[in-house]
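Here the structure comes first, spelled out in structure tokens, and everything after it is commentary.
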Protein chains: 4
Amino acid sequence: MPRRRASAARPRARNLESEPEKRRAILHAAVRAFAEKGYHGCRIADVAREAGVAYGLVYHYFRDKDELLESVFDEQWTIFIQAIRAISSGPGTSADHLAGVIRFALDVYRTAPAAVKVLILEVARSPHSLRAGSTRRMFETALKLLAEQVRRGQEAGDLRRGLEPAVAAASLLGALEMCLTAMVVGALGRPEASDEEMERVKQQVVEVALGGLLPRR
Amino acid sequence: MPRRRASAARPRARNLESEPEKRRAILHAAVRAFAEKGYHGCRIADVAREAGVAYGLVYHYFRDKDELLESVFDEQWTIFIQAIRAISSGPGTSADHLAGVIRFALDVYRTAPAAVKVLILEVARSPHSLRAGSTRRMFETALKLLAEQVRRGQEAGDLRRGLEPAVAAASLLGALEMCLTAMVVGALGRPEASDEEMERVKQQVVEVALGGLLPRR
Amino acid sequence: MPRRRASAARPRARNLESEPEKRRAILHAAVRAFAEKGYHGCRIADVAREAGVAYGLVYHYFRDKDELLESVFDEQWTIFIQAIRAISSGPGTSADHLAGVIRFALDVYRTAPAAVKVLILEVARSPHSLRAGSTRRMFETALKLLAEQVRRGQEAGDLRRGLEPAVAAASLLGALEMCLTAMVVGALGRPEASDEEMERVKQQVVEVALGGLLPRR
Amino acid sequence: MPRRRASAARPRARNLESEPEKRRAILHAAVRAFAEKGYHGCRIADVAREAGVAYGLVYHYFRDKDELLESVFDEQWTIFIQAIRAISSGPGTSADHLAGVIRFALDVYRTAPAAVKVLILEVARSPHSLRAGSTRRMFETALKLLAEQVRRGQEAGDLRRGLEPAVAAASLLGALEMCLTAMVVGALGRPEASDEEMERVKQQVVEVALGGLLPRR
DNA sequence: TATGAATGAGAGTTCATTCAT
DNA sequence: CATGAATGAACTCTCATTCAT
């Protein structure tokens, strides 16, 4: 059966045979194309050309344009969520973990701006995807993982008590995302920025998101 | 030819004769329609039907679909920016001002969720509008106003020094927006929530955004 | 509202204002196009070109290609059914009436072979339309009218008793239709045949088809 | 290249080795698939799945979709024509022979409704096949055989003289076919009908169709 | 102003057919 | 023989935009 639903894309562990080369090519071409011209702004033909495959092959691997977007989304968020999990299970306090998540996201942005762009500009917020199945689940999963992290931090005394974990998680993710947006747009710095500059922005974002704007008493 | 560029829509001061009733109807219908189905998901016909006017009349008042979106955007961001200005020129510290902005945004969401939805979901991020003229200017203006507010707060000693105002403003706006998104999506609370609930969320968002997650020393 | 469902095409009595000129043009072009290349063999573009209208206008008046076919079908069968009714309510015996129906059908074939072709080759039998709503109803209505005619003829003593009206009606319609098919195909005579030839065929068909229905002397 | 034109499908006499099992599976699957969804409504993939073979194998045995249809048609009509021949060379008058043909067709419908459905609904009349080679030849052969039968019957005094054999044959075939159509559609009885019911319908069809051909007593 | 019929380019999707393995 | 990935032309349907009234 040639059709692979996004959620069933990797039935067994990730072995290379189970993920046809061309499918990956299309998926990654889609990331670039969506990042370049936006979901609505790019045609299947663009994706196919970018991937170097025939038009129809896109429809061999993906039911329709929507599923293609969903798959892109799935892959990206899965990576992000796995990173959150990995960081959270590592050493350090909850504050360290949250800072790690922020640093990770900003690092990814440097190495793969296109993917982040799509996640930020197209997928994360579009009313369409918010209603779609896995897309929304992913988003909520990320929120939940962060909220859980906050809760544990509060219990351990690493984080301030009295804040609702859900609100805190949303704020953290939002701050992170808006800073990325500002960077994507060009208001804060560019992926081509020097290491020092990026390091500075990273530091700043962590400080603001974690430490707040008010001066320490 | 009756073309009106968005920015020239109100050439003289805002008197009621210069803003035809039908034009307003279309504009507000557009807000609702865009909020409902997204910019790309709704047709001119939808807007016209929602406004209760004939198909072609939309093109009498707006050059094309893009200008319609721009006009919606203009109106909404103008209100938001004016609110920021008004709040900033009022009494209180910079921290009070920033808290006021957050409260204002959450209040608007309660009374006109559709407008906020469009602003949040459609306009603020779409790569299309970010490249468009006034839309982007508005976004950057809002960022700048907040950054300026932060800078003044730092000078006055109300806010922690050492943070880049731009990063701080982006984080604040992002936290605010993500909390709104989470509410839009239903993860934090609903516009139909009781006054007490909304008040609680408002308080939390202010605390997190301004105070940070780390415990006060 | 621009869309007219086939069944609601003539809400009030048939006045010319209620049936836009272009809509008729499309409908009749469709008859010719379907007759020429078959339903599946002709594209909307063919119909539009044949009608001398823009591509999109077809979709202004008909929801989709299917509805276009249904409408063609509706119009044709409606004419046929009205003819059956008119002939049946005229003077003469039931045998005369049935003969009249046969003659009418063969006459129409001479004047408008395309319409008959569509009715015969495309619509009457396609599994698609047989399952569709009005199409099937029309077919069954024609069968029923003829069966009723047979029944009355049997009661009046004009037709042989002991035959099931339904079977008799189906046989009559089938004989008629197959003779038309044979003519369409060219096995019996052509619409360009001389009057005398056509008259002969007509006579023959009536004789054969009715012969079995007449009471044994 | 392993192309087999339909007519060359069985080069030597019908021995089992020359007709690969998979080829038959495909052919019969095609009958079912076409009967189910119509020629245009079903894809090669449907046929392959129904036959339980791989996609490409269909193209191993049949040049293209058209040849597949032609082959189905060939097989079916061949059976029918052979039956006509067998019945005609058997004992009895021409009237008996024609009645036998009708009975045979109705019997086949009971045992293999799908095949009859395809013959009736898809193949016999579609403008496509009417233009195709063997399909049309088969149809005309059947007509000719029946016409010849009629002619012989007239000569022998079994059938009424003065009727054109071609018209008579077309009428007979048409009556038969329309009765089958009515049964396919459900207006006359179902293949699941009891033996008695089917026998009754058979008797009726024979009576109606032949009645007109018998000489006046 | 106001209407909605008319236009047509554009994009998504299908699916018969080919071909490398 | 057998498989199914790969190809791309064809076609339907959408919808922003124009225009005559």
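Below, chains carry the letters A, B, ... as their sequence lines are ordered, and counting in each starts from 1.
Checked against E:dT13, E:dA16, F:dT12, the side chain of D:Tyr55 finds its nearest nucleotide in E:dA16. Side chain of B:Leu57, nearest nucleotide from E:dT3, E:dA5, F:dT7: E:dT3. Ranking E:dA11, E:dG4, E:dT17 by closeness to the D:Asp64 side chain, first place goes to E:dT17.
Spacing between atom CZ of D:Arg23 and atom P of F:dA2 amounts to 13 Å, rounded to whole angstrom units. Rounded to an integer number of Å, the gap from B:Lys65 NZ to F:dC15 C1' is 8 Å. In this entry the distance linking CZ of B:Arg43 with C1' of F:dC13 reads 12 Å, nearest Å. In this structure, the CZ atom of A:Phe62 is 15 Å from the P atom of E:dG12, given to the nearest Å. Spacing between atom NE2 of B:His40 and atom C1' of E:dA11 amounts to 13 Å, rounded to whole angstrom units. As rounded to whole Å, 13 Å separates atom C1' of E:dT18 from atom CD1 of D:Ile44. Distance, C:Glu21 CD to F:dT21 C1': 16 Å, rounded to whole Å. Atoms CG (A:Leu68) and P (E:dA11) sit 16 Å apart, rounded to a whole Å.
No N or O donor and acceptor, one from the side chain of C:Tyr59 and one from the base of F:dC15, sit under 3.5 Å apart.
One finds a side-chain N or O of D:Lys22 lying less than 4.0 angstrom from the OP1 or OP2 phosphate oxygen of F:dA2. Neither OP1 nor OP2 of E:dA2 sits under 4.0 Å from any side-chain N or O of B:His60.
If C:Ala45 and A:Val58 are placed on DNA chain F by their nearest nucleotide, the residue sitting closer to the 5' end is A:Val58. Residues A:Gly41 and B:Ala54 both approach DNA chain E. Their nearest nucleotides, taken by heavy-atom distance, put B:Ala54 toward the 5′ side. Nearest-nucleotide assignment on DNA chain E puts the 5′-proximal partner with C:Val53, out of D:Cys42 and C:Val53.
If you take NE2 on B:His40 and NE2 on A:His40, they are separated by 5.0 Å, rounding to the nearest 0.5 Å. Between the CD atom in A:Glu50 and the CD atom in A:Glu36 there is a gap of 8.0 Å [rounded to 0.5 Å].
The base-pairing partner of E:dT21, taking Watson-Crick or G-U wobble contacts with both distances under 3.5 Å, is F:dA2. Across all strands shown, the partner of F:dT7 is E:dA16, judged by Watson-Crick or G-U wobble contacts whose two distances both fall under 3.5 Å.
C:Arg24 has a carboxylate O that lies under 4.0 Å from a charged side-chain N of C:Glu75, or vice versa, which qualifies the two as a salt bridge. Taking a cutoff of 4.0 Å between a charged side-chain nitrogen and a carboxylate oxygen, A:Glu19 and A:Arg23 qualify as a salt bridge.
With A:Lys65 contributing its side chain and A:Tyr39 its backbone, the two residues share a donor-acceptor pair below 3.5 Å.
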